[in-house]
Structure formats: C-alpha cells, structure tokens
Protein chains: 2
Amino acid sequence: MTEPTRDRTGDEPIPEATVARLPVYLRGLLELADAGVETVSSVGLAELAGVNAANVRKDLSYLHAHGTRGVGYEVGHLVSEISLVLGGGRPSPVVIVGVGNLGRALSRYDGFVAGGFPIAGLVDADPAVVGRKVAGTVVRPVDELASLVAETGATVGIVATPAAAAQEAVGHLVAAGIRSILNFAPSVVAVPAHVDVRQVDLATELQILGYHQHRRTTGDTSRAAG
Amino acid sequence: MTEPTRDRTGDEPIPEATVARLPVYLRGLLELADAGVETVSSVGLAELAGVNAANVRKDLSYLHAHGTRGVGYEVGHLVSEISLVLGGGRPSPVVIVGVGNLGRALSRYDGFVAGGFPIAGLVDADPAVVGRKVAGTVVRPVDELASLVAETGATVGIVATPAAAAQEAVGHLVAAGIRSILNFAPSVVAVPAHVDVRQVDLATELQILGYHQHRRTTGDTSRAAG
DNA sequence: GGTGTCATGTGAACGCGCGCACAAGCGCGT
DNA sequence: ACGCGCTTGTGCGCGCGTTCACATGACACC
Ligand SMILES: NC(=O)c1ccc[n+]([C@@H]2O[C@H](COP(=O)([O-])OP(=O)(O)OC[C@H]3O[C@@H](n4cnc5c(N)ncnc54)[C@H](O)[C@@H]3O)[C@@H](O)[C@H]2O)c1
Ligand SMILES: NC(=O)c1ccc[n+]([C@@H]2O[C@H](COP(=O)([O-])OP(=O)(O)OC[C@H]3O[C@@H](n4cnc5c(N)ncnc54)[C@H](O)[C@@H]3O)[C@@H](O)[C@H]2O)c1
C-alpha cells in the first residue's frame with residue numbers, strides 16, 4: 001500500500017485460473033524442449049494443454065514472457081519464466097504427515113523431486129510406523145515435526161492421515177511454520193488466513209464422475225446400444 | 001416420449017460448481033446423521049462444508065430437497081437425495097489400470113467401497129505384476145480389460161500408469177466401454193465426447209501452492225503475528 | 001527494399017458463479 | 001387464535017473467466 005506496484009518478478013497478481021494452467025503448459029513445454037523444439041505457437045501449446053489458443057496467449061501475457069509475432073514463443077524462455085513464477089526458482093522441500101498406504105506411495109513418487117519438491121521428511125503418530133525406513137527416509141514422530149521443518153527448511157506439508165486426524169495434523173504443520181498444505185484426507189480443515197490449503201479429494205472426484213454418468217444414463221434415452 | 005415430461009429424478013442440469021460441493025455436503029451430513037442429528041440449517045451445513053450459507057441454500061434448491069422454513073433441512077432426506085443425484089443410488093464398480101505404487105495404495109483404500117465405489121478389478125501391462133494378489137484381488141493383464149468390465153459391470157476407470165502410458169490406458173478403457181475416467185497420470189489425454197475424464201494432478205497442486213508461497217514471500221513484507 | 005503471411009496481443013461481449021439482502025413461510029409460545 | 005422469531009428461497013448486482021475477432025507487428029522471400 002505504501003509503495004507503488006513493482007512489476008518486475010511476479011508482483012502483479014496472476015488470475016487463479018491461469019495459475020492452475022501454468023503447470024500444464026510447463027509439462028508440455030518440457031516435452032517440447034526434450035524433443036529439441038525451440039519455438040512454439042499459442043495454437044501448438046493450446047493443443048498440448050487441451051485449452052483454447054486465445055486463453056494461452058492471455059495467460060502468457062500475465063507473465064513477462066512475450067512472444068515474437070509471426071513466430072511464436074521461445075520454449076526455453078517460457079520454461080524458465082513459468083518455473084520462476086511457480087516455484088520461485090528454488091525447490092520446495094515437502095513434509096508428509098501420515099505414512100500409511102497413501103503416504104508410502106507418495107514417498108516413493110519420483111515425480112516429487114523431478115518437479116522441485118524433494119521429500120524433506122516423514123512423520124507419523126503410530127509408534128509401530130515411527131523408525132521404519134520408507135523410500136530411504138526414516139519415519140519420525142509427530143513431536144519432531146517442528147524441528148524437522150526447521151532443519152530441512154521444508155515449506156510444504158502433505159496430510160495423508162485419516163480424516164479424523166486431518167485437523168490435528170494441519171494444526172501441527174501450521175505450528176511448525178508450514179504455510180502451504182496439501183490435504184488428501186476427505187475433511188474440511190480450518191487454517192489461519194496466511195496458510196494456503198488445497199484439497200485433493202478422491203471420493204469427491206469419483207462422485208462428480210458418478211453424477212455425470214448417472215445423468216447420461218437416465219436423461220439420454222436416445223442411446224440404447226453400446 | 002411424445003410430450004416433454006419434466007421428470008423429478010434429476011432431469012434438470014445442476015451447475016458444475018454445485019455438483020463439486022455436493023460430496024462435501026454429503027460428508028458433513030453423514031457425520032451429523034452418525035451423531036444423531038436430524039435437522040440442520042443452511043448455516044450449520046455451510047460451516048461444516050466451509051462455504052457460504054446462501055450458497056448452500058441455492059445448491060440444495062437445485063435438488064428436490066426442500067427444507068422447512070424456520071426449522072431447516074432433514075438430514076436423512078438430504079443424504080438420500082444427494083446420494084441419489086451423485087451415484088444414481090447404485091454402487092459404481094471401479095477398474096484400476098496400472099498397479100504400481102499409487103495403484104496399490106488405491107487398491108487398499110477402504111474409502112472406495114464405503115463411498116459406493118468397490119474395486120471391480122486391477123489390470124497391469126507388466127507380466128511381473130500380473131497374477132499377483134493386491135488387496136485381495138488378482139492383477140489381470142490389460143487385454144482382459146474388456147471382459148473384466150463386462151463381467152463386473154464396472155463403470156469407472158482409474159488410470160495409475162506412468163504419464164507416457166496414460167493415453168494408451170485411456171484408450172483401452174474407452175474401448176472396454178468405460179465412460180467415466182479418473183486420471184492420476186500427469187498427462188492431458190484425449191477422449192471421445194461421450195467420455196468424461198477428471199484429472200487428479202499432484203504436481204499441479206504443489207506448483208499452485210508454490211506460486212502462492214512464492215508470491216507471499218516476495219510481495220508481502222508485512223506479516224501479522226498471531 | 002517492398003510485400004505478403006503469419007502469429008501475437010488485446011478490446012469487448014457473453015456466461016457463470018457467488019454473495020447480499022429481502023420477502024415469504026413455518027412453527028412455537030402465549 | 002395470534003403474533004413473533006427463525007429459516008428458507010431467490011432476485012439482483014458484481015466480478016471472474018472464456019472466447020471471438022481484429023489490429024499490430026515481425027520475419028522471410030523475392
Ligand atoms: N489410496 C489411498 O489410500 C487414499 C486415496 C485417497 C485418499 N486417501 C486418504 O488419505 C488418508 C490416508 O489414507 P491411507 O490409506 O494411507 O490410511 P492409513 O490408515 O493406511 O494411513 C494413515 C496413517 O496416518 C497415521 N496417523 C493417524 N493419525 C495421525 C496423526 N494424528 N498424526 C500423524 N499421523 C497419523 C497412521 O498411523 C497411519 O500410518 C485418508 O484420509 C484417506 O481417506 C487415501
Ligand atoms: N504417489 C505416487 O506414486 C503418485 C502420486 C501422484 C501421481 N502419480 C502418478 O501416477 C502414475 C503412477 O505412479 P506410480 O508411482 O504408481 O508408478 P509405478 O511405476 O510404480 O507404477 C506404474 C504401473 O503402471 C504399469 N503400466 C505401465 N504401462 C502400462 C500400460 N500401458 N498399461 C497398463 N499398465 C501399465 C506398470 O507396469 C506399473 O505397474 C504416474 O503417472 C505418476 O505420475 C503417482
């Protein structure tokens with residue numbers, strides 16, 4: 001408020017819908033870079049991302065990644081620009097709370113480190129799980145969460161506990177200084193205003209699919225054969 | 001149908017944003033029902049779901065679940081009404097393609113059957129995986145997918161293969177008659193118009209979190225303690 | 001050096017979704 | 001029986017997001 005707006009490195013607000021598409025663009029761009037492609041048009045990138053071309057152009061206009069008229073966008077430039085906006089250029093270590101079925105699968109997910117999200121540590125409340133080695137990392141008790149975050153500089157917390165323990169797990173993460181949380185438990189959690197929570201809810205996704213399927217099979221009588 | 005009959009069983013289109021919230025309402029309502037609560041107001045349900053109360057009322061108005069003015073909504077009625085809209089009242093068996101780290105975790109997820117999505121079968125392309133028993137189910141080869149779907153009446157497919165194989169896996173599912181697909185692979189897949197695909201992308205979620213975190217740490221210099 | 005062709009960048013319109021605010025209606029207490 | 005308080009149901013305005021359509025501008029070829 002006291003100082004004017006600086007429009008250098010990602011100071012202006014990017015629309016949320018655009019932010020959600022940037023990772024998809026980034027994936028496509030990395031594929032292109034691997035294939036040796038150096039420039040890409042908004043139409044080409046739109047096809048890779050499955051969105052409208054005008055949407056791509058408007059999205060990229062929010063970044064400081066201007067393209068060349070008549071040619072397109074420089075792939076390498078876009079990659080670095082989007083990476084900078086999304087991750088700040090630095091990796092974000094991740095702490096996983098709850099090392100059950102899902103937590104173990106996540107621990108072994110190689111896409112984490114590839115995407116700039118290395119596993120900083122695993123914690124669990126079950127003494128039978130604590131001390132065991134999962135994916136090369138020893139599971140630590142929940143009361144060591146704060147020190148674990150402090151040691152590793154973890155900035156992201158993943159909640160993979162049962163729903164009943166999700167709010168408690170989130171509380172521990174917030175108390176440890178984590179401000180970005182990804183919650184896999186099917187539970188609405190409350191957090192302070194400065195903490196960002198994103199929900200990944202498998203059951204919800206399936207039920208949304210179920211709605212559309214149900215609607216097609218009951219509302220559409222013109223389709224009989226399969 | 002010679003006349004345009006307005007059926008009462010979910011014929012009018014429900015807004016997509018509302019559909020996405022219905023599962024959250026349902027979870028809260030089931031908790032209330034477990035606690036013996038029989039009626040709930042829009043304010044109470046809004047708190048449970050973490051949304052605005054007027055939004056709840058408008059959402060429920062799309063269903064045929066009218067409440068009683070001055071009292072609220074009947075919990076049991078809402079549960080059955082939302083369940084009917086979302087799942088058609090019948091369970092939707094699920095086929096999982098790709099039984100790796102994630103596929104195994106999903107197979108053991110008890111929330112599936114609890115939510116009306118029992119595991120109908122598991123398939124994988126790796127001969128080393130085929131034949132092994134995971135969570136009480138034997139993994140079958142991909143070329144048995146069509147017969148598996150036919151036998152079990154599976155209506156939902158989950159893709160848990162590497163990204164490079166996602167499009168192929170989706171193709172198999174579509175060929176087998178599946179019209180609802182949940183894709184965990186970080187890959188944009190193409191499907192016919194009558195097939196519904198929902199993407200669950202972990203890396204995307206983390207990168208969105210990363211954007212907000214990066215924005216806070218660089219743009220926001222004033223932080224309120226508390 | 002001129003011109004044609006191509007792709008970017010953006011103005012404007014449309015639709016959707018959200019939330020406020022208020023009227024309508026139901027039940028309970030007196 | 002009657003009024004009061006509580007809650008539903010919704011009309012309306014606002015903002016966001018998406019898309020079309022077009023003007024602007026760069027590059028390549030002749
Ligand atoms: N495939 C899946 O398993 C899957 C898929 C989608 C969502 N989910 C959700 O993810 C969550 C975990 O699922 P899961 O199958 O791994 O369950 P799980 O029971 O296998 O694992 C839960 C783990 O959390 C630990 N835990 C419990 N309370 C804790 C606490 N207060 N603090 C720290 N750790 C605690 C437990 O000791 C256990 O190790 C659940 O909420 C589930 O609904 C799971
Ligand atoms: N925690 C996680 O592991 C995690 C989290 C989020 C997303 N994902 C995504 O989920 C997918 C699977 O991850 P994963 O860790 O389980 O990988 P994985 O390598 O452990 O498992 C992949 C499985 O798919 C099978 N497969 C390969 N090609 C196939 C094909 N054409 N048809 C059928 N099956 C095939 C393989 O044999 C293997 O069993 C990946 O796309 C990954 O990016 C994983």
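Residue numbers begin at 1 in each chain, while the letters A, B, ... track the order of the sequences. Just so it is clear, the structure is predicted and the values come from calculations on it, not from any experiment.
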### Task
Identify the heavy atoms of B:Leu106 and B:Ile119 that sit nearest to each other, and give their distance.
O-CD1, 4.4 Å
With a cut-off of 3.5 Å and sequence neighbours excluded, list every side-chain donor-acceptor pair involving residues 162-171 of chain A.
from     : atom 1 : to       : atom 2 : distance (Å)
A:Gln167 : OE1    : A:Ala190 : N      : 2.9
A:Gln167 : NE2    : A:Ala190 : O      : 3.1
A:Glu168 : OE2    : A:His172 : NE2    : 3.3

### Message
Would you say that B:Phe112 contacts B:Ile158 through its side chain, given a criterion of any heavy-atom pair below 4.5 Å between the two side chains?
### Response
yes
### Task
Respond yes when some side-chain nitrogen or oxygen of A:His66 is under 4.0 Å from OP1 or OP2 of C:dT8, and no when none is.
no
#### Entry: Residues within residues 69-77 of chain B bordering DNA chain D, heavy-atom distance below 4.0 Å
B:Arg69, B:Gly70, B:Val71, B:Gly72, B:Tyr73
### Query
When you match B:Arg21 and A:Ala65 each to their closest nucleotide on DNA chain C, which lands nearer the 5' end?
A:Ala65
### Task
Keeping the roles fixed (side chain from A:Tyr62, backbone from A:Val19), state whether a donor-acceptor pair exists under 3.5 Å.
no
### Query
CG of B:Leu60 versus P of C:dC18: gap in Å, rounded?
13 Å
### Minimum-distance pair of heavy atoms, taken over all atoms of A:Ser187 and A:Asn183
O-ND2, 3.2 Å
### Summary
Residue pairs passing the salt bridge (Lys or Arg N to Asp or Glu O under 4.0 Å) test with at least one member in residues 190-210 of chain B, sequence neighbours excluded, are A:Arg27-B:Asp201, A:Arg198-B:Glu205, A:Glu205-B:Arg198
### Message
Show me the pairs that pass side chain to side chain donor-acceptor pair (under 3.5 Å) and involve residues 34-53 of chain B, at least two apart or across chains.
### Response
B:Ser42-B:Arg57
### Task
Walk along DNA chain D from 5' to 3' and tell me the first and last nucleotide with an atom closer than 4.0 Å to a non-hydrogen atom of chain B.
D:dC6 to D:dC12
### Task
Let me know the distance between OH of A:Tyr62 and P of C:dG9, rounded to the nearest Å.
13 Å
### Euclidean distance, atom CG of residue A:Leu63 to atom C1' of C:dT8 [Å, nearest integer]
15 Å
### Task
Please check if any side-chain donor atom of A:Asn101 sits under 3.5 Å from a side-chain acceptor atom of B:Tyr109, or the reverse.
no
### Query
Do any of residues 35-57 of chain B sit with a heavy atom less than 4.0 Å from DNA chain C, and if so which?
B:Asn52, B:Ala54, B:Asn55, B:Arg57
### Query
With A:His64, which of A:His77, A:Glu81, A:Glu12 fulfils side-chain hydrogen bond (donor to acceptor under 3.5 Å, both in side chains)?
A:Glu12
### Backbone N/O of A:Ser80 and side chain of A:Ser83: donor-acceptor pair under 3.5 Å
no
### Message
Is the shortest side-chain heavy-atom distance between B:Thr155 and B:Ile178 below 4.5 Å?
### Response
no
